[in-house]
Amino acid sequence: MIDAFDVSGKNILITGATSGIGKAAALELSKAGARLALISRNREKLDTTLQELHGFSHTVYSFDLKDIAGIENLLKLIISERGAFDGFVHCAGAMQMRPIQQNTFGFIHDMMLINFYAFMELARVISKKNNHSERASFIGISSVMSKKGEKSLSAYCASKGAMDSAIRALAKELVMKNIRINGITPGYVKTRMLDEYVELAGQDEFEKNVLTNQYLGLGDPIDIAHAIQFLLSDASSFITGTSLIVDGGYLS
Amino acid sequence: MTKQEKIRVIEEMMELGEGTLEEGTVLKDLEEWNSLAKLSLIAILDEQFGRKISADEIKALKTVQDILQYME
């Protein structure tokens with residue numbers, strides 16, 4: 001029987017692959033037999049993550065995705081070593097809280113670099129001829145914050161909203177190349193990013209705003225990894241240009 | 001930056017008039033010393049003074065003088 005959820009043998013790029021959702025995705029996809037190229041800033045964490053993966057056909061690349069101009073050369077190198085991609089997952093992201101008076105151009109720009117511009121550059125380069133396979137799938141990790149605002153998070157909310165909007169438009173362009181592109185909209189998930197948020201927002205605020213709305217409780221990175229696997233697989237072949245909400249009920 | 005200028009930065013951070021704060025002003029007596037002000041302080045210390053401050057250190061701040069110590 002053909003398993004529509006099968007991702008074995010797929011050549012997948014994951015950014016932000018050494019922590020949180022990116023690392024969970026790497027572990028789960030490797031268990032499912034995918035072949036992975038992992039990008040992260042931290043070489044040591046990459047090596048540790050690599051050792052935890054199942055299978056041996058994975059490679060790691062230490063790179064700061066804020067260097068947008070350097071992304072194309074990095075991808076050329078990866079493709080020369082591993083062949084065309086069956087998909088990519090942009091998990092790398094930054095979240096920092098700042099009230100409006102501190103929301104300077106430089107701060108917003110930094111947030112956009114990693115959360116949005118890097119995603120656009122990955123999509124631009126990988127969608128070029130010979131850089132992707134027949135039926136590739138691109139995924140950006142968004143956030144419930146793209147749909148619901150929160151104090152001090154305007155730059156983060158905007159960066160994720162930009163990604164969601166771009167995905168809707170890109171889906172219509174990339175269908176010509178048989179590429180599907182989607183977002184995933186996670187709710188609050190147990191990651192280091194969440195710990196930082198709770199520390200700054202305060203436990204009371206967190207419980208009032210989050211736990212009462214997200215009635216399935218806090219998510220685990222593996223919950224998002226499963227959604228990633230679904231969107232990379234043929235089981236999702238009729239899904240493009242949208243964002244899959246995986247939020248424990250938060251937006252309902 | 002002089003001490004007075006630093007106090008002015010703190011006043012602006014909380015949108016208080018000039019001369020509102022003194023070194024001994026107790027932060028918890030100020031309505032403006034709210035969660036947004038604390039987040040602003042993190043950003044200001046980082047960008048203008050190259051200092052990182054943790055949430056625990058912010059909780060420990062009692063007076064304007066305590067903030068000034070991070071603005072060295």
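Atom set for the values below is all heavy atoms of this structure, side chains included, hydrogens, waters and symmetry mates excluded. In what follows, chains are A, B, ... by sequence order, proteins preceding strands, each numbered from 1.
- Between B/Lys38 atom NZ and A/Met97 atom CE the span is 12.5 Å, to the nearest 0.5 Å.
- From B/Met14, atom CE reaches atom CD of A/Gln101 across 14.0 Å, with rounding to the nearest 0.5 Å.
- Crowding of A/Glu52 atom CD: a count of heavy atoms from other residues, nucleotides or ligands under 6.0 Å exceeding 12.
- Proximity to chain A is absent for every atom of B/Ile58, based on heavy atoms less than 4.5 angstrom apart.
- In this structure, no portion of B/Glu12 lies under 4.5 Å from any heavy atom of chain A.
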Subject >> Criterion side-chain contact (heavy atoms from CB on, under 4.5 Å) on B/Asp46 and A/Arg98, from CA distance to verdict >> reply: CA-CA 12 Å; B/Asp46 183 19; A/Arg98 282 209 179 178; 4.3 Å; yes
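- No more than 12 heavy atoms of other residues, nucleotides or ligands sit less than 6.0 Å from atom CD1 of A/Ile100.
- For A/Arg41, the CZ atom sits in a loose shell: 12 or fewer heavy atoms of surrounding residues, nucleotides or ligands are nearer than 6.0 Å.
- Within a 6.0 Å sphere centred on CD of B/Glu22, heavy atoms belonging to other residues, nucleotides or ligands number 12 at most.
- Residue-environment remark: CD (A/Glu196) exceeds the threshold of 12 foreign heavy atoms within 6.0 Å.
- Residue B/Leu39 comes nearest to A/Pro99 through the heavy atom pair CB-CD, 3.6 Å, listed as atom of the first residue, atom of the second, then distance.
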